[in-house]
2 protein chains.
Amino acid sequence: MRMGGATAEQGCLRLKQVPTGRCAVCGVRQASFCSVLSTAELQQLHAMSSQKIFEPGELIVEEDASVRQVANVLSGTIKLFKLLPDGRQQITGFLFGGDFLGPMLSGEYATFAEAVNRVELCMFDQDRLRERMDAWPHLERRLFEDATQTLDRALDWMLLLGRKTATERVASFFVMLADRVGEKNDATAVVEVPMSRSDIADYLGLTMETVSRQISQLKRAGLLAAQGQHVLEIRDLPTLRRRAEGSQ
Amino acid sequence: MRMGGATAEQGCLRLKQVPTGRCAVCGVRQASFCSVLSTAELQQLHAMSSQKIFEPGELIVEEDASVRQVANVLSGTIKLFKLLPDGRQQITGFLFGGDFLGPMLSGEYATFAEAVNRVELCMFDQDRLRERMDAWPHLERRLFEDATQTLDRALDWMLLLGRKTATERVASFFVMLADRVGEKNDATAVVEVPMSRSDIADYLGLTMETVSRQISQLKRAGLLAAQGQHVLEIRDLPTLRRRAEGSQ
DNA sequence: ACAGCGCTTTGATGTGTATCAAACCGGGGC
DNA sequence: GCCCCGGTTTGATACACATCAAAGCGCTGT
């Protein structure tokens with residue numbers, strides 16, 4: 001059924017040279033790895049993709065699951081995390097719209113992935129995407145770049161987890177949100193904060209209570225202001241950045 | 001001068017089909033990215049390589065330096081680290097013989113690199129190696145795998161830095177050493193520990209004193225035993241592994 | 001052999017954040 | 001409108017690790 005549709009769209013393609021179907025209206029295409037594909041390549045990938053919705057709190061992948069699915073995040077927020085045997089949790093990253101979920105080389109996820117809010121994924125069979133990666137060097141390059149960026153972020157977070165104070169960590173967290181999903185002006189930003197205090201804590205290596213106290217303090221200092229549940233205004237991004245690095 | 005030598009070696013190549021010159025006697029070739037290259041490819045790379053020695057404590061690369069050199073570690077240990085403005089330091093990883101030093105995609109190092117002990121590097125011009133990467137997909141794949149492994153290790157370390165106790169961190173450190181550079185038997189291992197207590201502390205997000213106390217404690221528990229300065233025996237690796245994960 | 005020096009270990013005390021506990025707040029259902 | 005109820009905030013206390021301080025140990029050079 002879907003294949004038939006794809007073929008019809010491929011017919012159109014030669015005339016229009018723009019993506020058709022889902023990809024045409026995909027809000028994150030330019031932000032995702034799909035941005036490096038030609039229209040023809042996009043059609044091929046489109047034909048092997050499938051969409052899926054995950055509800056808040058739903059587990060998307062289990063650690064060490066030898067998965068066969070990888071995905072683009074179309075919308076929503078995903079937390080990636082690791083657990084110790086006694087239940088202690090460390091969130092290793094969040095994924096937002098346009099981000100790629102899945103290991104392309106190891107075959108296994110080294111972390112759990114869970115939907116923070118309602119998440120919409122565009123999924124691919126891992127082996128079939130790997131075939132495409134073998135065939136299209138620009139796709140492999142793009143996924144390599146993705147891994148490089150993820151690594152850079154992980155190294156920055158190691159500095160945070162190993163050496164920053166609670167205030168610096170919380171400031172860093174909001175700077176990260178502003179940079180990745182914020183509506184930024186010159187000095188201010190509005191960010192959606194879909195995750196709970198305890199998720200923030202598990203990302204920052206703190207407790208929920210400490211996070212809450214630090215946020216209250218930043219609000220009192222006039223650097224942060226609530227804009228309704230789950231939406232927050234950063235009122236002085238440069239100062240917040242300085243605090244995140246400990247330069248007072 | 002060097003080019004002439006390389007050409008002569010290329011002549012030999014067709015007869016012998018084994019690496020010649022430095023590469024032939026390179027102790028880390030099989031462990032490095034060179035292992036994926038054919039003899040002919042190795043010759044080409046050999047012709048564009050140069051060796052360099054760094055003395056203990058010497059800075060190899062500066063953060064955000066837009067470097068043009070990348071390298072294989074031939075021998076010695078390198079620490080990679082980040083700094084906060086006030087001097088707080090986080091070591092993000094160590095490199096040992098066979099490991100690759102350098103970012104292949106970003107063009108910039110996001111960390112400092114410093115020689116822990118005497119380090120011997122086999123260096124390449126970044127742009128020229130990138131050309132080779134463009135030309136040889138198996139080389140790009142290998143460097144991608146390298147980045148993937150580095151990322152996996154960074155994520156594991158985030159769990160350590162965010163959620164493990166001092167004992168668990170120090171146990172994890174020696175488990176890491178055993179796995180990467182240890183002479184392992186069934187249950188025991190002998191590892192070289194070239195870095196100082198304060199480097200270990202900066203890797204584990206602790207202080208020198210805490211590291212020292214934890215090591216003393218592991219010695220008293222019979223899990224660790226000194227074998228001269230900078231060499232240490234792990235007397236019960238499985239138990240140490242369990243401690244590293246907090247399962248008592 | 002001895003002195004000097006850097007690194008490490010051990011000890012005494014301090015503190016930032018965790019833990020325990022209670023009050024608060026906002027949204028959804030009846 | 002009001003009552004739950006989960007998530008959040010605030011408060012009181014505890015503790016793991018940091019900090020400050022001194023002693024120990026093993027090189028290196030003379």
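This one's a predicted model, so the numbers in the text were calculated from it and none came from an experiment. Chain letters run A, B, ... following the sequence lines, proteins first and then strands; every chain starts at 1.
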Whole angstrom is fine here: how far is it from CZ in A/R197 over to C1' in C/dA18?
18 Å
When all nucleic acid strands are considered with a 4.0 Å heavy-atom cut-off, which category describes A/G228: base, sugar-phosphate, or nothing?
nothing
Rounded to whole Å, the CZ-C1' distance (A/R169 to C/dA18) equals 13 Å
Main chain of B/M176, side chain of B/D179: is a donor-acceptor contact present, judged purely on distance under 3.5 Å?
no
A/D202 CG - D/dT8 P separation (whole Å)
12 Å
State whether A/E209 and A/R197 are salt-bridged, where the test is any N-O pair (Lys NZ or Arg NE/NH1/NH2 against Asp/Glu carboxylate O) under 4.0 Å.
no
Single hit among A/I78, A/V116, A/V28, A/V181 for side chain to side chain contact (heavy atoms under 4.5 Å, CB included) with A/F96:
A/V181
For B/S196, report the nucleic acid contact type (base, sugar-phosphate, nothing); a contact means any heavy atom under 4.0 Å.
sugar-phosphate
Between the main-chain N or O of B/D146 and the side-chain N or O of B/T150, is there a donor-acceptor pair closer than 3.5 Å?
yes
Of A/M208 and A/R163, the one whose nearest nucleotide on DNA chain D sits closer to the 5' end is A/M208
Rounded to whole angstroms, how far apart are CD on B/Q217 and P on D/dA16?
12 Å
Between C/dT17, D/dT8, D/dT10, which nucleotide has the shortest distance from any of its atoms to the side chain of A/R220?
D/dT10
Is B/I215 touching bases, backbone alone, or none of the nucleic acid, heavy atoms closer than 4.0 Å?
nothing
B/I200 CD1 to C/dT8 C1', straight-line distance once rounded to whole Å:
11 Å
In whole Å, what is the span from the CD atom of A/Q214 to the P atom of D/dT10?
12 Å
Measure from the side chain of B/T207, starting at C-beta and using heavy atoms only, and say which of D/dT19, C/dG26, D/dT9 lies closest.
D/dT19
Using a heavy-atom cut-off of under 4.0 Å over every strand shown, decide if B/S216 touches base, sugar-phosphate, or nothing.
sugar-phosphate
Under 4.0 angstrom between A/R213 side-chain N/O and C/dT17 OP1 or OP2:
no
With sugar-phosphate meaning primed atoms plus P, OP1 and OP2, does B/E209 contact a base, only sugar-phosphate, or nothing at under 4.0 Å between heavy atoms?
base
In whole Å, I'd like the distance from the CD atom of A/Q229 to the P atom of D/dT8.
8 Å
Using atom NE2 of B/H230 as one end and atom P of C/dT8 as the other, report the distance to the nearest whole Å.
7 Å
Reading DNA chain C from 5' onward, which residue's closest nucleotide shows up sooner: B/K219 or A/T210?
B/K219
Less than 4.0 Å between a side-chain N and a carboxylate O, is that true for B/E58 and B/K52?
no
